[in-house]
Amino acid sequence: QVVQVDLFIFNFNMIKNVVLYTIILFISCYLITLVIPYPVPIPEAPWHKNELKVSLLKTQQSQPPIAIVGTSYSNVLDMQQMDSGCINLSFGGHTALDGILLLRHQKIVPEKLLIDINYGNFDTTGWVNKYIQYPTLFSINPYENRPTVYATGLLVKLLQYDYVAFSRTGQYVDSVAVQNAMVILKQPESQNHNIRDLNNYTIALKKNLVWFEEQGTSIYFYLMPFNPELCDLPYLDKIRTTYLSVFANSDYHFILNPDCSPYFTYDGRHLTAEEGEQFTRTLLKTIEIN
């Protein structure tokens, strides 16, 4: 009996402490926001950008003139050059299929759908399934208002820390680092990893794109440019031939041979911000022609 009473008292005190500390935490957060109000910097790490894009998608009121889906390669595209309402669902560490699944889930029908095809691997696909299986995740507070994001942003502000490396902004590019990265990318193992599931991946794309085709969306497959030394890699040729074969009977558009000569990149395959602006102009002009 005594042991049971002691155990009950222990559990009660533990629950009481948890509730008390939670209340104190929320009050502290509220008081901090009064002293240091919004806005604080929104963290620019890739996983933060991914969550922010999903959070903003639920507020999409109109059908966008252009929707971009892709990988981290297309994150650098300059949306300011596009009409109002255009969206970029390129997710760092994930694939174009994630963006397509999100658009279908939200019933967003763009006039033009641009699909970055530099990567075809199921390893990181399916990240958005949690938003599709649990719709309430779309109802959470705006991303920038979450306590964890605010705390991280506040820390960034206090430390004056920049998530984006100088090389990504184009202010500084270490040529030795780029050359070393390209040595790795030229290895067959690295190339094969990028297209390990290419055939099944393209079949999954084709299945999900039928819905957009039925809605009248114009669909464009495009390759992002790499450093000129990498533009003729065998795996990129494999991507070109596979997409042209799988989608041979579809009325889709293909932009598969970008001019890589103007681009140095900051790691062999990701454009700097300035290069991204330049390629965006080129891509938009090509779309207008097709």
Side-chain angles (χ1 to χ4, degrees), residues 45-47 49-51 53-54 67-77 87-104 113-129 168 178 181-209 212 219-247 252-260 263 265-272 275-276 279-280 282-283 286:
W47 53 92
K49 283 187 175 182
N50 291 347
E51 294 288 346
K53 288 179 180 180
V54 174
I68 299 167
V69 292
T71 63
S72 58
Y73 300 131
S74 292
N75 256 334
V76 75
L77 293 178
I87 56 178
N88 187 345
L89 294 179
S90 298
F91 298 116
H94 301 289
T95 71
L97 186 55
D98 287 285
I100 289 170
L101 293 174
L102 266 180
L103 289 173
R104 284 200 59 183
L113 178 61
L114 280 56
I115 305 173
D116 160 8
I117 62 171
N118 291 65
Y119 185 85
N121 192 331
F122 278 125
D123 278 359
T124 56
T125 295
W127 165 74
V128 300
N129 285 339
R168 291 195 180 209
V178 174
M182 288 195 295
V183 170
I184 297 174
L185 293 170
K186 290 178 181 179
Q187 296 174 359
E189 295 82 1
S190 179
Q191 295 184 52
N192 291 336
H193 173 76
N194 290 337
I195 57 170
R196 187 173 63 191
D197 299 317
L198 182 60
N199 289 330
N200 290 332
Y201 180 80
T202 51
I203 291 172
L205 275 180
K206 187 174 183 177
K207 178 182 177 181
N208 283 279
L209 289 176
F212 294 94
I219 297 173
Y220 296 78
F221 295 111
Y222 70 95
L223 278 169
M224 288 291 292
F226 286 174
N227 183 284
E229 289 188 31
L230 300 178
C231 260
D232 294 323
L233 289 177
Y235 96 93
L236 292 176
D237 287 334
K238 177 66 174 177
I239 286 177
R240 293 183 183 99
T241 56
T242 299
Y243 273 83
L244 289 173
S245 174
V246 172
F247 297 95
Y252 295 164
H253 307 275
F254 299 91
I255 307 171
L256 306 182
N257 295 283
D259 178 11
C260 296
Y263 310 107
T265 75
Y266 70 83
D267 65 353
R269 51 183 175 170
H270 289 86
L271 302 182
T272 64
E275 290 172 340
F279 180 69
T280 302
T282 301
L283 181 62
T286 306

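Note that the structure is a prediction, hence the values are computed from the model and not measured.
When all heavy atoms of Ala96 and Tyr201 are compared, the closest pair comes out as N-OH, 3.3 Å. Closest approach of Ile184 to Ser190, counting heavy atoms only: O-CB, 3.3 Å. The shortest heavy-atom contact between Glu275 and Thr272 is OE1-N, 3.0 Å.
Of the possible polar contacts, none joining the Ser245 side chain to the Thr241 backbone as a donor-acceptor pair under 3.5 Å is found.
In this structure, Tyr243 has its ring center at least 6.0 angstrom away from the ring center of Phe254. Here Tyr73 and His270 bring their ring centres to under 6.0 angstrom of each other.
Contact of the Thr202 side chain with the Leu198 side chain is registered, since non-hydrogen atoms from C-beta on lie closer than 4.5 Å. At least one side-chain heavy atom of Val76 sits less than 4.5 Å from a side-chain heavy atom of Met224. Contact of the Tyr119 side chain with the His193 side chain is registered, since non-hydrogen atoms from C-beta on lie closer than 4.5 Å. Side-chain contact between Leu223 and Ile117: present, with at least one pair of heavy atoms (C-beta onward) separated by less than 4.5 Å. Contact annotation: the side chain of Asp98 never approaches that of Asn50 to less than 4.5 Å [non-hydrogen atoms, C-beta and beyond]. For the pair Asn227 and Leu185, the minimum side-chain heavy-atom distance is 4.5 Å or more. Using a 4.5 Å cut-off on side-chain heavy atoms (C-beta onward), Leu205 and Val246 make no contact. Looking only at side-chain heavy atoms (C-beta outward), Leu114 and Leu283 come within less than 4.5 Å of each other.
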### Task
Evaluate side-chain contact (heavy atoms from CB on, under 4.5 Å) for Val69 paired with Leu113, printing each intermediate quantity in order.
CA-CA 8 Å; Val69 292; Leu113 178 61; 4.1 Å; yes
#### Entry: Leu256 vs Leu244, side-chain contact (heavy atoms from CB on, under 4.5 Å): CA-CA, chis, key distance, verdict
CA-CA 10 Å; Leu256 306 182; Leu244 289 173; 3.9 Å; yes
### Query
After noting the C-alpha distance and the side-chain angles of Ile87 and Leu103, does the key distance pass the side-chain contact (heavy atoms from CB on, under 4.5 Å) rule?
CA-CA 10 Å; Ile87 56 178; Leu103 289 173; 3.9 Å; yes
### Chi angles and distances behind the side-chain contact (heavy atoms from CB on, under 4.5 Å) call for Thr286, His253
CA-CA 10 Å; Thr286 306; His253 307 275; over 6 Å; no
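The distance from the CD1 atom of Ile239 to the CD atom of Gln191 is 10.0 Å, given to the nearest 0.5 Å. One distance of note links CD1 of Ile195 with OH of Tyr235; it measures 8.0 Å at 0.5 Å rounding. In this structure, CG on Asp267 lies 9.0 Å from CZ on Phe226, to the nearest 0.5 angstrom. Note that OG1 of Thr95 and CG of Asp116 are 9.5 Å apart. Values are rounded to the nearest 0.5 Å. Separating the CG atom in Asn118 from the CZ atom in Arg269 is a distance of 9.5 Å, to the nearest 0.5 Å. We find the CG-CD1 distance between Leu209 and Ile115 to be 4.5 Å, quoted to the nearest 0.5 Å.
Under the 3.5 Å distance criterion, with hydrogens and angles disregarded, a donor-acceptor pair is assigned to the side chains of Ser74 and Tyr222. Using modelled atom types, one finds a donor on one side chain and an acceptor on the other under 3.5 Å when comparing Asn75 with Lys53.
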